Enquirer: 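My questions all concern the structure below.
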4 protein chains.
Amino acid sequence: MELQMTKNTLRQQKAFETKNKLIDSALKIFSEKGFDSSTTKDIAREAEVTDGLIYHYFNSKEELLWAILEKHPLNHDLKNTANTNFLLDQSLDVVLNEFFTNLIDMLHEKKELIVMFFGEAQRNQKVRDRLVLTIEEGLQLLHHLLKQKITKDDDYLFLAIRNVQTGLVMYFLLYDRFQTDPVERKRYINMTVQQFIKVIT
Amino acid sequence: MELQMTKNTLRQQKAFETKNKLIDSALKIFSEKGFDSSTTKDIAREAEVTDGLIYHYFNSKEELLWAILEKHPLNHDLKNTANTNFLLDQSLDVVLNEFFTNLIDMLHEKKELIVMFFGEAQRNQKVRDRLVLTIEEGLQLLHHLLKQKITKDDDYLFLAIRNVQTGLVMYFLLYDRFQTDPVERKRYINMTVQQFIKVIT
Amino acid sequence: MELQMTKNTLRQQKAFETKNKLIDSALKIFSEKGFDSSTTKDIAREAEVTDGLIYHYFNSKEELLWAILEKHPLNHDLKNTANTNFLLDQSLDVVLNEFFTNLIDMLHEKKELIVMFFGEAQRNQKVRDRLVLTIEEGLQLLHHLLKQKITKDDDYLFLAIRNVQTGLVMYFLLYDRFQTDPVERKRYINMTVQQFIKVIT
Amino acid sequence: MELQMTKNTLRQQKAFETKNKLIDSALKIFSEKGFDSSTTKDIAREAEVTDGLIYHYFNSKEELLWAILEKHPLNHDLKNTANTNFLLDQSLDVVLNEFFTNLIDMLHEKKELIVMFFGEAQRNQKVRDRLVLTIEEGLQLLHHLLKQKITKDDDYLFLAIRNVQTGLVMYFLLYDRFQTDPVERKRYINMTVQQFIKVIT
DNA sequence: CATGAATGAGTATTCATTCAT
DNA sequence: GATGAATGAATACTCATTCAT
């Protein structure tokens, strides 16, 4: 994709933008109504193109779903956090606050995507597999970050990570995404970190 | 007269059963395909009645959804656990193992319902409100059980409970519901309990 | 079908008629435009019902095609001709004139069906199989009628029958169906009979 | 100037080839799927050009159909047979075998075209007219060949020719085009010739 | 209570055709 | 000449809902 953009004539560039707009529009509509209740007409209207054009770029409505997931590698930002050298010298408390804050920030930033992702995962096996994979990646990132500081055995540590991480995601889905008070969120994260430290030390 | 009444009663009973069968069938179909992709025809066929009859008992497809939630007060079983006197004298470890095992068992028993519940909650505000309510009830139950044994302040305790509980639910949704190994599940619950005790003591 | 009609309540009777009307309408539309170019909307309009009703009675547009063929067992009339005792004592000339006249009459009566049948047979394997079967049946009928009067060996007789019969059908498809002059047709049939007799005697 | 012309000529040549490839591709696709079910996209892909180019050379999909028929004067090969001097001295038997063999060979060679031709003729008046014309030409050819050897009156001879010829075509459409046994075909043709000779002598 | 025929708006997808580049 | 993005009407099929019986 990135690659294709380089050799652009004006025309190709415009096509690229149109395709992109379709993906973004699909994400918006899907997350508002769910995949099944979204219509290709809605998506086309949102993208300000005619109905048929969707099928010039994608073979089906479902393919739009995959294009969305392709476009948003959710753990990308977390990866950066996890790899930052500056964290190496910090206390557990600082590291975890940073990591969880980034996680919640990312979830907020991609709110639409996340909501759709979880909703569809309940009924579409392939989407669920992808979701589980994404979550596992997130677990690995945190595990990688902690294993040098923590001496608990892997099983124990992993379960702790899984619980705290999925707990956070659920917190986001059910509560946090509908509020915008950053103070409350900070408090929540901070306290969660304190409790998590108790578990793993 | 007497006869008439008997007839009516019988008729009422039959009607009650039919309505019930419709609710059960709807639950089955909804959880298999999701609300939107389920058709009233599917439901009628599953309930072995004709298409139109649904609308004798319910005003719409959505009303069936509410009837399902009405019929299944999810925390009913947990309530029993939480109120059992026998738990009062037990150690934290025993109490929590019992409670979480009950929780997971209940989730399994009502797997279909749960999956649909979470799936629809992502896109239907009213369903989500109901889900949040149900979860809050669950939190209260555990809080009620623990507050006598634990001296942490409420905020701290509640957050811990919320995290562990939603973590468990997520664990169920993503992994546990697709496996049936009771040993693995027991191990998971037990370790989670140990970690949770660390947090709250 | 016939059977179902007997135990009719008024409602069932009406439904039966509607279904029948749909079949007849489909035949009309299919033969006018060909199967592919016919739309279910056209058919519904012709039958004076709404679009969706077609799918209450049939699972697909193609199923309508088969319902049509089911309803019209083409060789039915020829069978009667072939089995009539009165023919037994007649001269070859009379018998063949009678048979071919019946054949052409039947083709005319079911003109719409025939045209569609041949058109679709060119591209739909299953339809073609059905057509070949129907033609073979027709050949058998004539063969049955002749084998008592003709002493030629079977191979020879069959080939003669096949050629004359398919020749007649093609004559109908390309010319006769667009004209209505009974004299011309009679002349054609008569001369064909004379020539055919030359072949088989 | 000179150069320009060469360029133009080359360009014209290339254009000619592209147009030709489009016609051939259209024939291939049409005969596989029928006219209606064939898409211009299919045809463009088969011809390895882009979608829009078709409309540089043709005004519509239907125009492609006519271009195909224009390109394939079906009776061309038969004409050669019919005019060959060598046939003049041959026996009826040899002449007819030669002619019918050529006919069937030609049908086989242009199988795709023939199938499409007959399929479309059922629903497209203009195509049917063309088909009738082509068949009439074929009849004339054989009539021309026979009239010197046969003394029957024209009406009688023509009808015999028409029947045998359309019979042969039908034989091809329904049976012969799906088999490849040359012995069986030879047998068929030979016996048909024998029977035809009986009719016309 | 129960039936199932009937409605009609809606759905994903297709496709001939146009046209700016 | 050639490209392929864009159009938009059309299509088979679906489905919640209504209602006469």
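These numbers come from a predicted model, not from an experiment. Per chain, numbering begins at 1; letters A, B, ... match sequence-line order.
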Enquirer: For E/dA20, which nucleotide is its Watson-Crick or G-U wobble mate, given both distances must be under 3.5 Å?
Expert: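 Partner of E/dA20: F/dT3.
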Enquirer: Using a 4.0 Å heavy-atom cut-off, does D/Y57 contact any base of the nucleic acid, only the sugar-phosphate backbone, or nothing at all?
Expert: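 It contacts sugar-phosphate atoms only.
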Enquirer: On a heavy-atom basis, which atom in C/K33 and which in C/S38 lie closest, and how many Å separate them?
Expert: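 Scanning both residues, the minimum pair turns out to be CB-OG, 3.8 Å.
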Enquirer: Ignoring backbone atoms, test whether C/T18 places a side-chain nitrogen or oxygen under 4.0 Å from the OP1 or OP2 oxygen of E/dA6.
Expert: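 Result: yes.
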Enquirer: To the nearest Å, how far apart are C/I29 CD1 and F/dA12 C1'?
Expert: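 Between C1' of F/dA12 and CD1 of C/I29: 16 Å.
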Enquirer: With a distance cut-off below 6.0 Å to the six-membered ring centre and an angular limit of 45° from the axis, does C/K19 pair with C/F58 as a cation-pi contact?
Expert: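 Checked: cation-pi criterion met.
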Enquirer: Could you let me know what E/dA12 is paired to, Watson-Crick or G-U wobble, both distances under 3.5 Å, or none if it's on its own?
Expert: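 Its partner is F/dT11.
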Enquirer: Decide whether B/N59 and B/E63 meet the rule of one side-chain donor and one side-chain acceptor closer than 3.5 Å.
Expert: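 A pair is found: one side chain offers a donor N or O, the other an acceptor, under 3.5 Å apart.
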Enquirer: Return the value, rounded to whole Å, for the distance between atom CD of A/Q13 and atom C1' of F/dT3.
Expert: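 Distance check: A/Q13 CD to F/dT3 C1' gives 18 Å.
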Enquirer: Could you check how far CG of A/D42 sits from P of E/dT11, rounded to whole Å?
Expert: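 For the pair A/D42 CG and E/dT11 P, the rounded distance is 7 Å.
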Enquirer: Please check this pair: side chain of B/E46 against backbone of B/A26, looking for a donor-acceptor N/O pair closer than 3.5 Å.
Expert: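 No, the answer is negative, given that no donor and acceptor are paired below the 3.5 Å cut-off.
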Enquirer: Measure from NZ on C/K19 to P on E/dG4 and round the result to the nearest Å.
Expert: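 For the pair C/K19 NZ and E/dG4 P, the rounded distance is 14 Å.
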Enquirer: What is the distance from NZ of A/K14 to C1' of F/dT3, rounded to the nearest Å?
Expert: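 Interatomic distance, NZ of A/K14 to C1' of F/dT3: 15 Å.
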Enquirer: Roughly how many Å is it from CD in C/E48 to C1' in E/dG8, rounded to a whole number?
Expert: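 Spelled out: CD on C/E48 to C1' on E/dG8 is 17 Å.
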Enquirer: Could you give the CG-to-C1' distance, from A/L64 to E/dT11, as a whole number of Å?
Expert: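 Taking atom C1' of E/dT11 as the reference, CG of A/L64 is at 15 Å.
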Enquirer: Specify the closest pair of heavy atoms between D/T134 and D/L74, including all atoms of both residues, with the distance to one decimal.
Expert: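 Looking at all heavy atoms of both residues, the closest pair is CG2-CB, 3.9 Å.
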Enquirer: Could you tell me how far apart B/I54 (CD1) and E/dC1 (C1') are, to the nearest whole angstrom?
Expert: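 Distance check: B/I54 CD1 to E/dC1 C1' gives 15 Å.
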Enquirer: What does nucleotides 14-21 of chain F look like as a protein-contact string, B for base, S for sugar-phosphate only, - for none, at under 4.0 angstrom between heavy atoms?
Expert: BSBBB-B-
Enquirer: Does D/K21 pair with D/E48 as a salt bridge, N-O distance under 4.0 Å?
Expert: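 Yes, charged N to carboxylate O under 4.0 Å.
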Enquirer: Check whether any side-chain N or O of D/H56 sits under 4.0 Å from OP1 or OP2 of F/dG1, and answer yes or no.
Expert: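 Affirmative; the distance criterion is met.
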Enquirer: Do the side-chain N and O atoms of C/W66 and C/E62 include a donor-acceptor pair separated by under 3.5 angstrom?
Expert: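 Checked: C/W66/C/E62 side chains pair up, N/O donor to acceptor below 3.5 Å.
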